[in-house]
Chemist: 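Quick one: the structure is below, questions incoming.
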Protein chains: 2
Amino acid sequence: MNLEEAKQQFISSWGAFGTNWGINRTMAQIHALLLISPDPQSQDDMMEALNISRGNANMNIRDLIGWGLAERVIIPGERKEYFTAEKDIWKVAKQIVKERKKRELEPMLQLMDKLEQTEGDKRDKEMKAFIEVITGIKKLGIQADKTLETLVKAEENWFINNVIKIFR
Amino acid sequence: MNLEEAKQQFISSWGAFGTNWGINRTMAQIHALLLISPDPQSQDDMMEALNISRGNANMNIRDLIGWGLAERVIIPGERKEYFTAEKDIWKVAKQIVKERKKRELEPMLQLMDKLEQTEGDKRDKEMKAFIEVITGIKKLGIQADKTLETLVKAEENWFINNVIKIFR
DNA sequence: ATATATTTTCAGAAATATTTGAAAGTTTAA
DNA sequence: TTAAACTTTCAAATATTTCTGAAAATATAT
């Protein structure tokens, strides 16, 4: 397989892969393109490479920036905006974990707190089953939150950081 | 909030939550319903509780079973099939991790292996950038795979199992 | 065997999510 | 200032996913 074919396959598979994770195809494909592009890409570059419309490109680039996965780059003397992505996959993964934690785990824990307050007779088996599930989810969520927080804060943690380096 | 309201909210939020994770709303809602139901539920029970059609219920129950998250229960003297879900959230989480690992991580690693074989001049910067990303993803994937495998196999591991118990 | 209960399938309908493209908005250069 | 270059917005079109419901298949009881 030559480089062009490989790039195409990477972009298209990354897009399909993203779909399983609640990330839309185009956003994942733009990210894939930026990952493997040594130089910053303009919106027009992406539109051409991925065969997508201006509006679609614009919206998804903005989402990527919102996720902290891409950033604007100014090229002196150029009028257009260019974009790059962080190339260190570990940092990328950390950033994704951080965002999902904020966007999903935290709201979920809030909901569990609320549902834990449900009023009712604790001897009723329906009630018991409900409260048990809610507290179980809450405990798991808190534990996951802590674990992920440690991971995300890894660079501030000498020990973990060194463990990670071993595998890097 | 009373139990009925709380149950409703839990089911509906769990469904919305699943949507962000590539799991369809109905499947997540059925799972939520089974989680908080002390007794096994029939397909008709679920159709009524969630206001869904027979076909939809049937298909999603089967998917849940495929994910190892629900199972058929025979109630002696009853003609209908009944279903339950594992109530221990830790086991549920482990099962989900196990399945996603198999369905997504492993195929992704296979793809990276393939893309790593791409032919080309390693001094070319396009080529270099591409290979670096691929090997980075592969390394991260392998590490994640190992870590998750440890987690999933936790009950076979005395030490980890005890660490987990502390938080349980 | 026949009737009845239950489960499964699947084509078409409905709901949701994504994408387009043209118009409006903004920035920059001369 | 003006005009060209570029970016953003958003209503409508398209694509994708999910759901329905009735018919077919299967299982069970009499």
Side-chain angles (χ1 to χ4, degrees), chain A residues 11-34 40-67 69-84 103-104, chain B residues 11-34 40-67 69-84 103-104:
Chain A
I11 289 171
S12 112
S13 304
W14 204 247
F17 194 70
T19 295
N20 296 324
W21 289 86
I23 291 158
N24 87 38
R25 191 198 340 287
T26 305
M27 181 168 152
Q29 288 187 344
I30 292 177
H31 188 221
L33 176 64
L34 290 178
Q41 304 285 299
S42 71
Q43 185 166 286
D44 292 84
D45 295 336
M46 301 183 209
M47 285 164 60
E48 185 179 345
L50 305 176
N51 241 284
I52 57 175
S53 72
R54 186 167 297 288
N56 195 11
N58 191 272
M59 158 175 297
N60 282 293
I61 289 168
R62 242 163 348 96
D63 281 355
L64 270 178
I65 292 173
W67 273 81
L69 295 175
E71 59 180 17
R72 274 170 230 278
V73 171
I74 303 300
I75 298 192
E78 288 266 15
R79 186 102 168 242
K80 275 182 192 160
E81 294 183 324
Y82 284 76
F83 303 88
T84 44
R103 293 172 192 221
E104 292 157 30
Chain B
I11 289 170
S12 114
S13 303
W14 205 248
F17 194 70
T19 296
N20 297 323
W21 288 86
I23 291 159
N24 87 36
R25 190 193 342 280
T26 305
M27 180 167 151
Q29 289 187 344
I30 291 178
H31 188 221
L33 176 64
L34 290 179
Q41 303 286 300
S42 71
Q43 186 167 286
D44 292 83
D45 294 337
M46 300 183 209
M47 285 166 59
E48 186 179 344
L50 305 176
N51 241 283
I52 57 175
S53 71
R54 186 165 298 287
N56 195 11
N58 191 271
M59 160 176 296
N60 282 292
I61 290 169
R62 242 159 352 93
D63 280 356
L64 270 179
I65 292 173
W67 273 80
L69 295 175
E71 59 180 18
R72 272 171 231 278
V73 171
I74 303 301
I75 297 193
E78 287 269 13
R79 186 99 169 245
K80 277 183 190 160
E81 294 184 323
Y82 285 75
F83 302 89
T84 44
R103 293 171 191 222
E104 293 158 29

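Lettering follows sequence order; numbering is per chain, from 1. It should be emphasised that the depicted structure is a prediction, and the values quoted were computed from it without experimental measurement.
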Chemist: What pairs meet the salt bridge (charged side-chain N to carboxylate O under 4.0 Å, His left out) rule with one or both residues in residues 40-60 of chain B, with sequence neighbours excluded?
Modeler: B:D44-B:R54, B:D44-B:K80
Chemist: Working to the nearest 0.5 angstrom, can you tell me the gap between A:N60 CG and A:I30 CD1?
Modeler: 5.0 Å
Chemist: Which part of the nucleic acid, if any, lies within contact of A:N56, taking any heavy atom under 4.0 Å across all strands shown: a base, the sugar-phosphate backbone alone, or nothing?
Modeler: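 Base contact.
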Chemist: Find the distance A:N58:CG to D:dA11:P and express it as a whole number of Å.
Modeler: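 Spelled out: CG on A:N58 to P on D:dA11 is 16 Å.
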Chemist: Has the side chain of A:R79 got a donor or acceptor that lies under 3.5 Å from a partner of the other kind on the base of C:dT28?
Modeler: yes
Chemist: Expressed as a whole number of angstroms, how long is the span from A:N60:CG to C:dT20:C1'?
Modeler: 13 Å
Chemist: Could you check how far CE of B:M46 sits from C1' of D:dC19, rounded to whole Å?
Modeler: 17 Å
Chemist: At under 4.0 Å between heavy atoms, what does A:R62 touch on the DNA or RNA strands: base, sugar-phosphate, or nothing?
Modeler: sugar-phosphate
Chemist: Provide, to the nearest angstrom, the distance between the NZ atom belonging to A:K80 and the P atom belonging to D:dA5.
Modeler: 11 Å
Chemist: Whole Å only: how far is the CE atom of A:M47 from the C1' atom of C:dT19?
Modeler: 12 Å
Chemist: Expressed in angstrom and rounded to an integer, what is the separation of A:D63 atom CG from C:dT19 atom P?
Modeler: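 It is 11 Å, rounded to the nearest whole Å.
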Chemist: Just one of B:R62, B:R103, B:H31 clears the side chain to side chain contact (heavy atoms under 4.5 Å, CB included) bar with B:W67, so which one?
Modeler: B:R103
Chemist: In whole angstrom, give the distance that lies between atom CE of A:M59 and atom P of D:dT8.
Modeler: 11 Å
Chemist: What is the distance from CZ of A:R72 to P of D:dT8, rounded to the nearest Å?
Modeler: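 Interatomic distance, CZ of A:R72 to P of D:dT8: 5 Å.
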Chemist: Would you say A:T26 places a side-chain N or O within less than 4.0 Å of OP1 or OP2 belonging to C:dT18?
Modeler: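 Looking at the OP1 and OP2 atoms of C:dT18, neither is under 4.0 Å from any side-chain N or O of A:T26.
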Chemist: On DNA chain D, compare the nucleotides closest to B:R54 and B:I23; which residue's is nearer the 5' end?
Modeler: B:I23
Chemist: Please pick, from D:dT7, C:dT18, D:dC19, the nucleotide with the shortest atom-to-atom distance to any side-chain atom of A:N24.
Modeler: C:dT18
Chemist: Report the distance from atom CD1 of A:I23 to atom CZ of A:F17, rounding to the nearest 0.5 Å.
Modeler: 9.0 Å
Chemist: Report the C-alpha distance between B:M46 and B:L34 in whole Å, list the side-chain angles of each, state the deciding distance to 0.1 Å, and finish with yes or no for side chain to side chain contact (heavy atoms under 4.5 Å, CB included).
Modeler: CA-CA 9 Å; B:M46 300 183 209; B:L34 290 179; 3.9 Å; yes
Chemist: Can you figure out which of D:dT20, C:dT8, C:dT19 approaches the side chain of A:S53 most closely?
Modeler: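 So the nucleotide nearest the side chain must be C:dT19.
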Chemist: Using a heavy-atom cut-off of under 4.0 Å over every strand shown, decide if B:E81 touches base, sugar-phosphate, or nothing.
Modeler: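 Answer is sugar-phosphate: B:E81 comes under 4.0 Å of backbone atoms only.
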